[in-house]
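Take a look at the structure set out below.
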Amino acid sequence: QVQLVESGGGLVQPGGSLRLSCAASGPTFSSYALGWFRQAPGKEREFVARIARSGGNTYYADSVKGRFTISRDNAKNTMYLRMNSLKPEDTAVYYCAATTQWSTTPDAYDYWGQGTQVTVSS
């Protein structure tokens, strides 16, 4: 099993930037593809970005493409989400998750962090 803990959320102005981190435990971190999801109040959890086991293949939701960058450092058991040009619509709780599949659906992910709040407001 792998345990995931998000950090780095907070309040940021529209147009600003923020970097989220996802720290994982266990030596099998590199065996999992990883993803970021977000959930706004009253809405379903939605896919944001994912990254392959090696970090060489990434995929983004259209809503964040060109603004967000997902990366991972397997040596540090950590995944990151750099968010630039943030919009109020990006406000949500952000979750990191791990899967053995190449997928964008929440049901395919086996392990989840507790989430970190991102609020974009002026």
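These values consider heavy atoms only, across backbone and side chains, with no hydrogens, waters or symmetry-generated copies.
Closest non-hydrogen pair, Ser21 versus Thr78, comes out as CB-CG2, 4.4 Å. Scanning all heavy atoms of the two residues, the minimum distance from Ala24 to Val2 falls at CB-CG2, 3.8 Å. Of all heavy-atom pairs spanning Asn84 and Ser17, the tightest one is OD1-OG, 2.8 Å. Between Ala108 and Thr99, the shortest heavy-atom distance links the atoms O-OG1, 2.7 Å. In this structure, Gly35 and Tyr109 approach most closely via the heavy-atom pair N-CE2, 3.7 Å.
Tyr60 OH to Phe47 CZ: the interatomic distance, rounded to the nearest 0.5 Å, is 9.5 Å. Note: Trp36 CH2 to Leu20 CG = 4.5 Å, rounded to the nearest 0.5 Å. Note that CG of Asn74 is 8.0 Å distant from OG of Ser54, once rounded to the nearest 0.5 Å. If you take CZ on Phe68 and OG1 on Thr58, they are separated by 14.0 Å, rounding to the nearest 0.5 Å.
Between the side chain of Glu6 and the main chain of Cys96, a donor-acceptor pair closer than 3.5 Å is present. Looking only at distances, no side-chain donor or acceptor of Ser103 sits under 3.5 Å from a matching main-chain atom of Gln101. Between the Thr91 side chain and the Val120 main chain, a donor and an acceptor come within less than 3.5 Å of each other. Within the 3.5 Å criterion, the main-chain N or O of Ser85 finds a donor-acceptor partner in the side chain of Arg67.
Linking Ile, Leu, Val, Met, Phe, Trp and Tyr whenever their side-chain heavy atoms come within less than 4.5 Å leaves Tyr80 and Val12 in two separate clusters. A chain of hydrophobic side-chain contacts below 4.5 Å, direct or via other Ile, Leu, Val, Met, Phe, Trp or Tyr residues, connects Val48 to Met83. Put simply, Trp102 and Trp112 are part of the same group of oily side chains (I, L, V, M, F, W, Y) that touch within less than 4.5 Å, one to the next. Under the 4.5 Å side-chain contact rule for hydrophobic residues, Leu34 and Ile70 share a cluster. A single hydrophobic cluster is seen to contain both Val64 and Tyr94, as judged by linkage of ILVMFWY side chains at heavy-atom distances under 4.5 Å, directly or through other members.
In this structure Arg53 satisfies the salt bridge (charged side-chain N to carboxylate O under 4.0 Å, His left out) test with no other residue, sequence neighbours excluded. Evaluation of the salt bridge (charged side-chain N to carboxylate O under 4.0 Å, His left out) rule for Lys43 yields no partner, not counting sequence neighbours. By the salt bridge (charged side-chain N to carboxylate O under 4.0 Å, His left out) test, Asp62 is found to be paired with Lys65, residues two or more places apart in sequence or in another chain being considered. Under the side chain to side chain contact (heavy atoms under 4.5 Å, CB included) criterion, Val93 pairs with Tyr95, Gln117, not counting sequence neighbours.
Taking the ring axis of Phe29 as reference, the NZ or CZ atom of Arg72 stays within 45° of it and closer than 6.0 Å to the ring centre.
Within the 4.5 Å cutoff, no side-chain heavy atoms of Thr116 are placed close to those of Ser7. The closest side-chain heavy-atom distance from Met79 to Ile51 is below 4.5 Å. Within the 4.5 Å cutoff, the side chain of Arg38 has heavy atoms near those of the Glu46 side chain.
For residues 24-33, every residue pair satisfying the side chain to side chain donor-acceptor pair (under 3.5 Å) rule, not counting sequence neighbours, is listed here: Gln3-Ser25.
For the 3.5 Å distance criterion, the side chains of Ser121 and Thr119 fail to qualify, holding no donor opposite an acceptor.
Other members of a hydrophobic cluster containing Leu11 are absent, since no ILVMFWY side chain comes under 4.5 Å of it, directly or through relayed contacts.
For Tyr111, the OH atom counts as densely surrounded, since its 6.0 Å shell holds more than 12 non-hydrogen atoms of other residues, nucleotides or ligands.
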